[in-house]
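Here's the structure, in structure tokens; my notes come after.
Residue numbers run from 1 in the order of the sequence given.
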Amino acid sequence: MIKKIILYGVLILSWSSLFKLDKDAFKRYLPVGTFISLIYTLLSKINESQKWWKVTQTIFPRLPSNFPFAYGPFLFLPIWVFKFTFGKFWLYSITNATLGYLFAYPITNYFEKFGVYKMRRMSRNQLFLLSFSSSIVIYLYQVFINGTLKGSLGEQ
């Protein structure tokens with residue numbers, strides 16, 4: 001029961017952050033949030049064969065096992081990070097390195113302690129590198145989106 005409460009909490013807290021987010025930032029950075037959610041959903045499918053981690057509790061059995069994470073913090077946290085750091089790559093990188101470290105070590109330890117998921121064939125260092133490298137990919141994606149929008153709006 002505690003596992004489900006934790007997973008619902010992860011999802012609800014992430015979505016509740018929308019109340020504090022301004023509309024312009026939400027519209028501007030939602031594409032990057034949905035893109036990273038898609039990436040982590042695909043990684044969840046790959047995980048089925050690679051067994052990098054094992055999710056011991058789901059809250060929506062027909063959806064990917066990492067749904068509360070992919071469509072919770074992995075959707076909204078990038079939007080918040082972009083809101084405060086986009087255009088300052090060094091600050092963005094430091095912020096994402098810090099968040100990646102926190103996720104790979106203390107946060108993963110917490111979720112393993114409560115039996116939500118367990119790392120198996122992926123080390124904490126690999127999890128950190130996956131997190132940080134995906135942050136670089138989505139930064140480049142946001143740069144692309146900004147360029148595309150400026151070009152389509154006739155702004156040069």
Next item on the list: Compute the ring centroids of Phe82 and Tyr92, then answer whether they are less than 6.0 Å apart.
Entry: yes
Check: Which pair of non-hydrogen atoms, one from Ser123 and one from Gln126, has the smallest distance, and what is that distance?
Finding: N-OE1, 2.8 Å
Margin query: Looking at every heavy atom in both Gln50 and Arg121, which two are closest together, and how far apart are they?
Written below: O-CD, 3.2 Å
Item checked: Distance-only donor-acceptor check, side chains Tyr71 and Thr41, under 3.5 Å -> yes
Note to self: Can you tell me how far apart OG1 (Thr108) and NZ (Lys113) are? Round to the nearest 0.5 Å.
What the structure shows: 14.5 Å
Item checked: Hydrophobic cluster identity match, Leu102 and Trp80, side-chain contacts under 4.5 Å -> yes
Item checked: Working for side chain to side chain donor-acceptor pair (under 3.5 Å), residues Tyr40 and Ser134 -> CA-CA 9 Å; Tyr40 279 106; Ser134 64; 3.0 Å; yes
Note to self: To the nearest 0.5 Å, what is the distance between CD1 on Ile59 and NZ on Lys4?
What the structure shows: 8.0 Å
Check: Is Leu91 linked to Ile136 within one hydrophobic cluster, defined over Ile, Leu, Val, Met, Phe, Trp and Tyr using a side-chain heavy-atom separation of less than 4.5 Å?
Finding: no
Item checked: Over all atoms of both residues, closest heavy-atom pair of Val55 and Ser65 -> CG2-OG, 3.5 Å
Margin query: Restricting to non-hydrogen atoms, name the atom on Pro78 and the atom on Ile138 that form the minimum distance, rounded to 0.1 Å.
Written below: CB-CD1, 4.0 Å
Item checked: ILVMFWY cluster, Phe89 and Tyr29 together (side-chain gap under 4.5 Å) -> yes
Check: What pair of heavy atoms forms the shortest contact from Ser37 to Leu75, and how long is it?
Finding: OG-CB, 3.3 Å
Note to self: With side chain to side chain contact (heavy atoms under 4.5 Å, CB included) as the test, pick out the partner of Thr34 among Ile36, Leu30, Leu38, Val32.
What the structure shows: Leu30
Item checked: Stepwise side chain to side chain contact (heavy atoms under 4.5 Å, CB included) check, Asn47 with Met122 -> CA-CA 10 Å; Asn47 176 57; Met122 181 180 284; over 6 Å; no
Checklist line | Atom pair CD1/NZ of Ile79 and Lys83 - distance to nearest 0.5 Å | finding: 11.5 Å
Check: Between Phe103 and Phe74, does the ring centre distance come in under 6.0 Å?
Finding: yes
Item checked: Interatomic spacing from CZ in Arg124 to OG in Ser131 - rounded to 0.5 Å -> 13.5 Å
Notebook entry, point to check: Below 4.5 Å, heavy atoms only, C-beta onward: do Pro73 and Val10 meet side chain to side chain?
Noted result: yes
Next item on the list: Carefully, step by step, assess Leu43 and Trp52 under the rule side chain to side chain contact (heavy atoms under 4.5 Å, CB included).
Entry: CA-CA 10 Å; Leu43 286 171; Trp52 293 323; 4.0 Å; yes
Check: Can you check side chain to side chain contact (heavy atoms under 4.5 Å, CB included) on Arg28 and Phe86, steps first, answer last?
Finding: CA-CA 11 Å; Arg28 181 175 184 191; Phe86 188 67; 3.6 Å; yes
Next item on the list: Examine Tyr139 together with Phe144 and report whether their ring centres are nearer than 6.0 Å.
Entry: no
Item checked: Heavy-atom side-chain proximity of Trp53 to Arg120 below 4.5 angstrom -> no
Check: Can you name the nearest heavy-atom pair linking Leu13 to Ser16, along with the distance?
Finding: O-OG, 2.8 Å
Notebook entry, point to check: Applying the 4.5 Å side-chain criterion to the ILVMFWY set and letting contacts propagate, would Trp15 and Ile12 be lumped into a single cluster?
Noted result: yes
Next item on the list: First locate atom CZ of Phe114, then atom CG of Leu7, and finally report the distance between them rounded to the nearest 0.5 Å.
Entry: 12.5 Å
Margin query: As an exercise, state the distance from OG1 of Thr58 to NZ of Lys3, rounded to the nearest 0.5 Å.
Written below: 10.5 Å
Next item on the list: Salt-bridge test for Lys54 and Glu48: reply yes if a basic N is under 4.0 Å from a carboxylate O, no otherwise.
Entry: no
Next item on the list: State yes or no: do Phe69 and Ile5 share one hydrophobic cluster built from I, L, V, M, F, W and Y residues joined by side-chain heavy-atom distances below 4.5 Å, directly or via other members?
Entry: no
Item checked: Stepwise side chain to side chain contact (heavy atoms under 4.5 Å, CB included) test for Arg62 and Phe60 -> CA-CA 6 Å; Arg62 295 180 189 246; Phe60 304 112; over 6 Å; no
